[in-house]
Number of protein chains: 2
Amino acid sequence: MGVTEKRAQHKEEFRREILDAARDLFIKDGYEEFSMRKLAQKIDYSPTTIYLYYKNKDDLLLAICEEFSEQFFTHLHQIRMLSNDPLESLRQALLYFTKFWLGNPNQFKVFFFTKPNVYGTKEEFMEKDSMARDTYLIFREMVRDCIKTGKLADIDAEVLTHAFGVIPHGLIAMTFYSSSFPRADSNVVAQTLVDGLLRGFQR
Amino acid sequence: MGVTEKRAQHKEEFRREILDAARDLFIKDGYEEFSMRKLAQKIDYSPTTIYLYYKNKDDLLLAICEEFSEQFFTHLHQIRMLSNDPLESLRQALLYFTKFWLGNPNQFKVFFFTKPNVYGTKEEFMEKDSMARDTYLIFREMVRDCIKTGKLADIDAEVLTHAFGVIPHGLIAMTFYSSSFPRADSNVVAQTLVDGLLRGFQR
DNA sequence: ATGATAAATTAACACTGTTAATATATCAGA
DNA sequence: TCTGATATATTAACAGTGTTAATTTATCAT
């Protein structure tokens, strides 16, 4: 192995090391606690060193998001394959997301509440290849499956996808951000909402 | 008028002046741009002067929230009085919130996405008298109206209130925070969601 | 005019993400 | 092994945040 290759490999290893530390810090101490300086301290390097491996904070957060998106995609894929009832698949997908994010609030925060958004604009998200985009696309396909097979009302698929997305999104956002406002048990509300909405859109 | 009263009055006037400037800065330049230092500059005082009139940033934000909550409460009250159909009232209330917040994203942000929450914990919110609490209570009452009159399924009122709250909440949060992800027209989705959910919960 | 009180200010602290300039380590070729 | 180049890491700095303590300035009754 040439020296340039060895260098490249080492660089890749270090990138991973930083990413792992970042994910740990993120999950353990939370989004609010995360900072480049704290990450630097954790990996025993100066804060600026990180910038040699990741363009900036967003770049690092994006890498974390992509890791999780891979999980999402794989899971949705399985759900879709395992059942012949597209309505049941969609229900499971919705409950999967709510359950996952209820258990990983910080991950939810990076994903949806980073300013500016880690995935850029709506257009950039759709143009650039990413696991997050693939996840969105397969989710939309699951909604389309329901419409095509006549399980759901023939409403515009984009609208319906968006509408269903609101459920886990709103629920988690409410649970973790709007903690002042009275709330019932999140899991119960999730079940109720998913059931209610699927019933409401059935034709 | 005694001098102490004049002083007190002046103090109250100044509090208002700060509040007005704060609201302006907030609505115009947005939540992210708002800072105590910028507010101070706007009213031509030093940053620390504000602290003589408001305990801290949260205290100031709370005051803004209460102003808006008064609007909410009044509006919900009207809606409830004007119609005999509780289901229609609830529908209007939900659309009112979505519409209001779509037009006032920054207000939504203070309300639900301030860390720590301006209204404190769930318990503090329910114990302490506030316009926000009154708004929540009347909204819950509207949900109860629907259940009592048999318009909605007999599900726990807290759960149902929470579930309905998720709709405007999730929709706005998605629109303004998760701007990377593909979205259909927010107003269309709002209509679709409210209709769908009300249908799903009808008995 | 003096002394007390109220009001406003300056200085400071401990943070944040990020850049430019600088120092240190690594390694190929002479 | 010494030199020069390159890659890597560090320090110093900027402009910003909310907030507190100490200090100055203004107001007003005696």
Side-chain angles (χ1 to χ4, degrees), chain A residues 1-19 21-22 25-26 29-65 106 109-110 113-118 120, chain B residues 1-19 21-22 25-26 29-65 106 109-110 113-118 120:
Chain A
M1 200 186 330
V3 76
T4 50
E5 287 154 37
K6 240 170 112 182
R7 274 233 165 98
Q9 196 197 337
H10 177 261
K11 186 142 188 166
E12 201 49 52
E13 277 167 14
F14 201 6
R15 266 182 71 93
R16 270 234 72 82
E17 197 183 320
I18 294 173
L19 185 59
L25 188 65
F26 211 88
D29 295 357
Y31 181 82
E32 277 77 16
E33 281 298 305
F34 182 89
S35 86
M36 296 300 261
R37 282 176 162 85
K38 281 182 187 165
L39 174 58
Q41 199 174 0
K42 193 178 159 78
I43 59 171
D44 251 344
Y45 279 86
S46 81
T48 45
T49 302
I50 301 168
Y51 287 84
L52 299 172
Y53 298 88
Y54 288 93
K55 204 180 136 215
N56 52 28
K57 193 181 174 180
D58 277 357
D59 195 25
L60 195 48
L61 295 182
L62 181 76
I64 299 177
C65 285
N106 290 319
K109 292 178 191 182
V110 226
F113 289 92
T114 319
K115 275 278 165 188
N117 278 178
V118 285
Chain B
M1 196 185 336
V3 76
T4 50
E5 287 154 36
K6 240 169 111 183
R7 275 234 164 97
Q9 197 198 336
H10 178 260
K11 186 143 188 164
E12 200 50 51
E13 278 168 13
F14 202 5
R15 266 182 70 94
R16 270 234 72 83
E17 197 183 320
I18 294 172
L19 184 60
L25 188 64
F26 212 89
D29 295 358
Y31 180 83
E32 278 78 16
E33 281 298 304
F34 181 88
S35 85
M36 297 300 262
R37 283 176 161 87
K38 281 182 187 164
L39 174 58
Q41 200 174 357
K42 192 178 160 77
I43 58 172
D44 251 343
Y45 279 86
S46 81
T48 46
T49 302
I50 301 168
Y51 287 85
L52 299 172
Y53 297 88
Y54 289 92
K55 205 179 134 215
N56 52 30
K57 193 181 173 180
D58 277 357
D59 194 25
L60 194 49
L61 296 182
L62 183 76
I64 299 178
C65 285
N106 290 318
K109 291 178 191 183
V110 226
F113 289 91
T114 319
K115 276 278 164 188
N117 278 178
V118 286

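No hydrogens, no waters, no symmetry mates; every other heavy atom, side chains included, goes into these values. Letters go in sequence order (proteins before strands), and every chain restarts at 1.
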### Set of salt bridge (Lys or Arg N to Asp or Glu O under 4.0 Å) partners for B:Lys42, sequence neighbours left out
none

### Set of side-chain contact (heavy atoms from CB on, under 4.5 Å) partners for B:Gln41, sequence neighbours left out
none

### Query
Tell me: CD1 of A:Ile50 to C1' of C:dG17, nearest whole Å?
11 Å

#### Entry: With B:Glu32 via salt bridge (Lys or Arg N to Asp or Glu O under 4.0 Å) - residues at least two apart
B:Lys109

### Query
With sequence neighbours left out, what residues match A:Glu17 under salt bridge (Lys or Arg N to Asp or Glu O under 4.0 Å)?
none

### Task
Assign A:Tyr53 to base, sugar-phosphate, or nothing according to its heavy-atom contacts below 4.0 angstrom with the strands shown.
sugar-phosphate

### Query
Could you give the CD-to-P distance, from A:Gln41 to D:dT10, as a whole number of Å?
13 Å

### Task
Spell out protein contact along nucleotides 15-25 of chain D as letters: B when the base is contacted, S when just the sugar-phosphate is, - when no protein heavy atom is under 4.0 Å; keep the 5' to 3' order.
--BBBBB----

### Query
Does a side-chain N or O from B:Ser46 land closer than 4.0 Å to OP1 or OP2 of C:dT9, or not?
yes

### Message
Between the opening five pairs and the closing five pairs of the helix from C:dA1-D:dT30 to C:dA30-D:dT1, how far apart are the helix axes, to 10°?
### Response
40°

### Task
Starting at atom CD1 of A:Ile18, determine the distance to atom C1' of D:dT8, rounded to an integer number of angstrom.
12 Å

### Message
For A:Phe113, give me all partners under side-chain contact (heavy atoms from CB on, under 4.5 Å), at least two apart in sequence or on another chain.
### Response
A:Phe108, A:His169, A:Ala173, A:Tyr177, B:Phe113, B:Ala173, B:Tyr177

### Task
Using salt bridge (Lys or Arg N to Asp or Glu O under 4.0 Å) as the criterion, list what pairs up with B:Arg37, not counting sequence neighbours.
none

### Query
Rounded to the nearest Å, what distance is computed from the NZ atom of residue B:Lys11 to the P atom of nucleotide C:dA8?
9 Å

### Summary
side-chain contact (heavy atoms from CB on, under 4.5 Å) filter on B:Tyr51, not counting sequence neighbours, yields B:Met36, B:Asn56

### Message
Without decimals, in angstroms, what is the distance between A:Leu60 CG and C:dG17 C1'?
### Response
12 Å

### Message
Would the distance check show the side chain of B:Tyr45 and the main-chain N or O of B:Leu39 forming a donor-acceptor pair, the cut-off being under 3.5 Å?
### Response
no

### Atom pair distance, as rounded to whole Å: CD in A:Glu12 and P in D:dT8
13 Å

### Message
Checking the side chain of A:Asn106 only, and the main-chain atoms of A:Tyr31 only, is there a donor and an acceptor separated by less than 3.5 Å?
### Response
yes

